[in-house]
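Accompanying notes for the structure given below.
Here the structure is a predicted model, which is why all the values come from computation and not from measurement. In the text below, chain A, chain B and the rest are named by the order of the sequence lines, each starting its count at 1.
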Amino acid sequence: MTARGERFDPGSFEQGWRDRWEADGLYRASDDDPRDKHYLLTMYPYPSGDLHIGHWYAATGPDIVARMRRMKGLNVMFPMGFDSFGLPAENAAIDRGIHPAKWTASNIANMRTQFRSMGCMFDWEREVVVSDPAYYRWTQWLFVQFFKAGLAYRAMAPVDWCPKDQVVLAREQVLGTERRCWRCGTTVIKRDLEQWFFRITNYADELLDFTGMDWPEPIRLMQTNWIGRSEGAEIAFPAETPGVEPIRVFTTRPDTVFGATFMVLAPEHPSVAALTTTDRKADVDAYVAAARRETEIERLSTEREKTGVFIGSYATNPMTNERIPIWVGDYVLPGYGTGALMAVPAHDERDYAFAKKHDLPIRYVVQPAGNPAPEGEPFVAHTADEVLVDSGEFTGMPASEAIGAIARSLAERDLGGPAVTYKLRDWLVSRQRYWGAPVPIVYCPEHGAVPVPEDQLPVLLPEDVEFAPTAVSPLQSHEEFLKATCPICGADARRETDTMDTFVDSSWYFLRYCSPHDDQRPWDPEAVAHWMPVDLYTGGAEHAVLHLMYSRFFVKALRDMGHLAFDEPFIALRNQGQILGADHHRMSKSRGNVVNPDDLTSRYGSDTVRLFLMFIGPWDQGGPWNPTGIEGVYRFLARVWGISLPDASAGGDAAGSAAEDAELARALRRATHMTIDEVADDYAGFRFNTAISKMMELANAIVRAREVGLAGQPAYAEAVDTLLLLLAPAAPHMTEELWQRRGHDYSVHQQAWPVADASLTTVDTIELPVQVDGKLRDRLVVTANTPADEIERLALASPRVQAHLDGRAPDRVIQVPGKLVNIVTPGD
RNA sequence: GGGCGAGUGGCGGAACGGCAGACGCGCCGGCCUUAGGAGCCGGUGUCGCAAGACGUGCGAGUUCGAAUCUCGCCUCGCCCACCA
């Protein structure tokens, strides 16, 4: 801090500037702005009560980019809202008797205030709160559109059910590997209930296509793996039992079908009962019942024994025409492929383990070309040079060819053909909870599930509800809510009590931001056409799959219904790292390691906290919280303050000659102009830590310039003004204050981003490292256009190089223009 | 078990085929001061008085040159987890 001039006191001006920006609507994004639109979005938070340091970390990065892009001439929209439906509000209601709406509203009010203290350029006029009926009305409207388009349907699905409380539990309400009810500790069971689904699997293939999307590779990979597309063949194995359909299986290895020596059905497979023979019925029934009870509990374990029972009947291998036994085993998953598989123990590890345990035949039908068939272990390798053995007419054929040939042979006999299957399942959107958007459906005894007419939306959540500790959704016992009439026939009907998964709310909130106050439709098509798609989306990587994939699905589905005219919601995506507690664990209230930014801001100011968070490391990395070092960032800002105050130019002892001063001024100007693009590139690449270090270097250069008496010169003023402009996105308050004090027009945030003067950034002398055998021995200072042979001569003439050459003539000299010289000796 | 990512000073990190340790914290020394937990100046990878040698988890390799590329191993983190 400067000895003269006024002390840096962020508390004296930060709030004032925030009020002014707010009053002036500085960050309001207008639809008719002639500049190019730029939609920058950061994931909205769940209103848990307080903003912690992680929220600051997540929001400051995109705020910097938003501010820079605005200075670069774009019409930036940067909105914020609240993901305000969900379980914690309901838990608060149950535990403390506060109504979820009340609890949520007070949390939002608090967090909104805290958000404002960060000095982000959020356009609060566009705020979206998903638990507001003005929002969920349109969530319901969208459900109806999905229903009409056949993309929302009802089906039986297993749910976690507490037999004591008689209630469906959410996934997070089932605790531990013993799977106990969070409330009463009873062991939870699976129970089939009618649930609502969205048909996301219709879009599996399109969701695999990331063409033109600037997304992190790990996220694309995770979604790709989640969708889990597998190519192979479907093959029908006729069952001997009369009246039973052939058993269809999916396989990625049709080339091994000659080695299929038995079949295994999932316990849930629909043909199990019909295929079970009388003498096996007791065993099979017991096994199926046990598997059903254990679904997911035991199946989670990879290492467990391959259990199963023989069903008593046989099928025919369509290639060998052999009778092969049919088993039931819980390692076969009901939801994947056809829920049945042909077991090829010689070429699949799981089938091999099953065959060994149950003493079933193992037949090798593929082997490495020219090698004997391996014994004692499954041969699963799938490379180019394998051939079929013991496979009838296909014996000797390369495995890669056999895949197609066998599939064709089966297709000719109507016993199969090429097939594709996915791991992706349809999206279960039903939640048996209160605090969510009610599914807008009524059940008519005559017409079944009927959507609520659009002009009767929203289906409001009743407010007069009691939250009993049994955790049963109060909607299920709210007579007035349940009472409905059929929209088709007017008969007495019952209202659906399921609410929607909160991921439904977040699958379209980015559309609502475009026209948040429209009360005639979910969005204004013109506004959406103007702003969408989101140019840059930021958020935590924990949403890699669900939220991001659901949003992509929504956009594609709505496009196909004619509501949208683009394919993807988010062009570019960046993930911030997670700030952990000082104990290296996730911040959570129960651990007591949550860092509240309020203490830090009151002590250092918002700018310092913002800058510190961006300085501690790469933004996408995160890491454990450690406030050590915040002083350094504060000192940096205080130094910027000191060199920028108008009276800073008064000091300095002009000492050098005019020529020396001109050279120093030129060096300062070069440093200034070099920094402009470096900082811009770093900001754009989310490398805020290096951007800040470069601004620190410029500030240090300005301090030195003042010490040598440059403070009164134009180069000094240019350096300071440029530094303030570069720093403005990261430290918006103090740069605004200094900008004003230096006599410039309000606001620094409406200035154009500075342009680097190329004539200043090109260097005329360079320092070249000189290596001997790759080891640094000397440095040469030469003019930038020195010819190569001259550089070589100078390098060889260096006494230090000579010493290391030790009389030897160089073998060769490698020059990387402008980078270095390496002299290679013949020795090695 | 599979996939992805990461290992660099006392610490956060920079460099990402070409000067390892930018920038900052901390620490050491000095200046200023009635005082300093303020500010300013200098130093700070390790060993060594020095010249110099060594140095980016470990081990190989490619290259004139490797923290960076390749292969194998170790450790940590995240995701998926019997997906036929």
Side-chain angles (χ1 to χ4, degrees), chain A residues 1-3 7 216-222 224-226 228-230 232 249-253 256 260 264 266 298-304 306 329-333 335-344 347-351 353-354 380 421-425 541-542 544-545 577-578 580 584 611-612 615-618 620-624 626-633 635-636 638-639 642 687 689-697 699-700 703 707 767-779 803-804 810-816 818-825 828:
Chain A
M1 197 186 295
T2 176
R7 199 172 66 91
E217 182 61 25
I219 304 289
R220 296 202 303 239
L221 243 168
M222 273 194 249
T224 302
N225 292 340
W226 187 268
R229 183 180 204 271
S230 282
V249 302
F250 173 78
T251 177
T252 54
R253 295 290 305 277
T256 65
V264 189
E298 306 273 315
R299 289 189 183 191
L300 278 174
S301 166
T302 315
E303 267 94 59
R304 74 185 291 237
K306 292 278 177 290
D330 69 4
Y331 81 98
V332 182
L333 304 174
Y336 184 75
T338 61
L341 58 80
M342 65 173 200
V344 186
H347 304 292
D348 182 279
E349 289 189 20
R350 295 151 303 177
D351 297 346
F354 193 88
V380 293
T421 193
Y422 303 87
K423 290 187 205 172
L424 182 70
R425 313 292 161 80
E542 66 272 19
V545 176
Q578 197 168 44
L580 304 171
H584 293 229
L611 211 64
F612 174 63
F615 184 61
I616 51 180
D620 59 2
Q621 190 178 292
N626 179 3
T628 318
I630 192 166
E631 291 282 352
V633 170
R635 281 201 279 266
F636 163 62
R639 200 172 311 132
R687 295 181 298 270
N689 56 331
T690 51
I692 293 164
S693 80
K694 281 158 192 166
M695 291 187 287
M696 286 174 167
E697 289 184 89
N700 292 342
V703 169
E707 277 163 13
E767 194 186 61
L768 279 183
V770 181
Q771 298 178 334
V772 176
D773 291 331
K775 288 189 172 132
L776 178 71
R777 296 305 179 190
D778 204 356
R779 295 160 208 270
H804 284 276
D811 192 44
R812 57 178 161 143
V813 176
I814 288 160
Q815 284 201 38
V816 184
K819 279 288 188 184
L820 61 54
V821 183
N822 188 15
I823 297 161
V824 186
T825 66
D828 49 334

If the C1' atom of A15(B) is compared with that of U68(B), how far apart are they to the nearest Å? 9 Å

NA contact type, N700(A), heavy-atom cut-off 4.0 Å: base, sugar-phosphate, or nothing? sugar-phosphate

Using the side-chain heavy atoms of V816(A), tell me which of these nucleotides is nearest: C40(B), A20(B), G18(B). G18(B)

What's the closest nucleotide to the side chain of Q621(A) if the choices are G13(B), C40(B), G12(B)? G13(B)

Quick one: is A14(B) close enough that its OP1 or OP2 comes under 4.0 Å of any side-chain N or O from N689(A)? yes

Can you tell me, in whole Å, how much space there is between the C1' of C64(B) and that of G30(B)? 46 Å

Under a 3.5 Å limit for both distances, which nucleotide forms a Watson-Crick or G-U wobble pair with A50(B), could you say? none

I want to check one thing: is the phosphate of G26(B), taken as OP1 and OP2, less than 4.0 Å away from some side-chain N or O of R635(A)? yes

Distance, C1' atom - from G65(B) to G18(B), rounded to whole angstrom: 7 Å

OP1, OP2 of A84(B) versus side-chain N and O of S230(A): anything below 4.0 Å? yes

Please give the distance between the P atoms of G5(B) and G17(B) as a whole number of Å. 16 Å

Which is true for T421(A) with a 4.0 Å heavy-atom rule: it touches a base, it touches only sugar-phosphate, or it touches nothing? nothing

Please determine, for U70(B), whether a Watson-Crick or G-U wobble partner exists with both distances under 3.5 Å, and give it or none. A60(B)

On a whole-Å scale, what distance lies between the C1' atoms belonging to C27(B) and U34(B)? 27 Å

Go ahead and name the base partner of C27(B); Watson-Crick or wobble counts if both distances stay under 3.5 Å, otherwise write none. G43(B)

Regarding C82(B), can its base be found pairing with the side chain of K306(A) as donor and acceptor, where the two atoms are less than 3.5 Å apart? yes

Should the pair R220(A)-E217(A) be classified as a salt bridge under the 4.0 Å nitrogen-to-oxygen rule? yes

Picking from G18(B), C23(B), C82(B), the nucleotide nearest the side-chain atoms of D330(A) would be C82(B)

Could you measure between the two P atoms, the one in G59(B) and the one in A67(B), and give it in whole Å? 13 Å

Where the side chain of I616(A) is defined as all heavy atoms beyond and including C-beta, which of C80(B), C64(B), G12(B) is the nearest nucleotide? G12(B)

Watson-Crick or G-U wobble mate for A6(B), both contacts under 3.5 Å: U75(B)

Report the base-pairing partner of C82(B) (Watson-Crick or G-U wobble, both distances below 3.5 angstrom), or none. none

What nucleic acid atoms does F615(A) come within less than 4.0 Å of, heavy atoms only: base, sugar-phosphate, or nothing? base

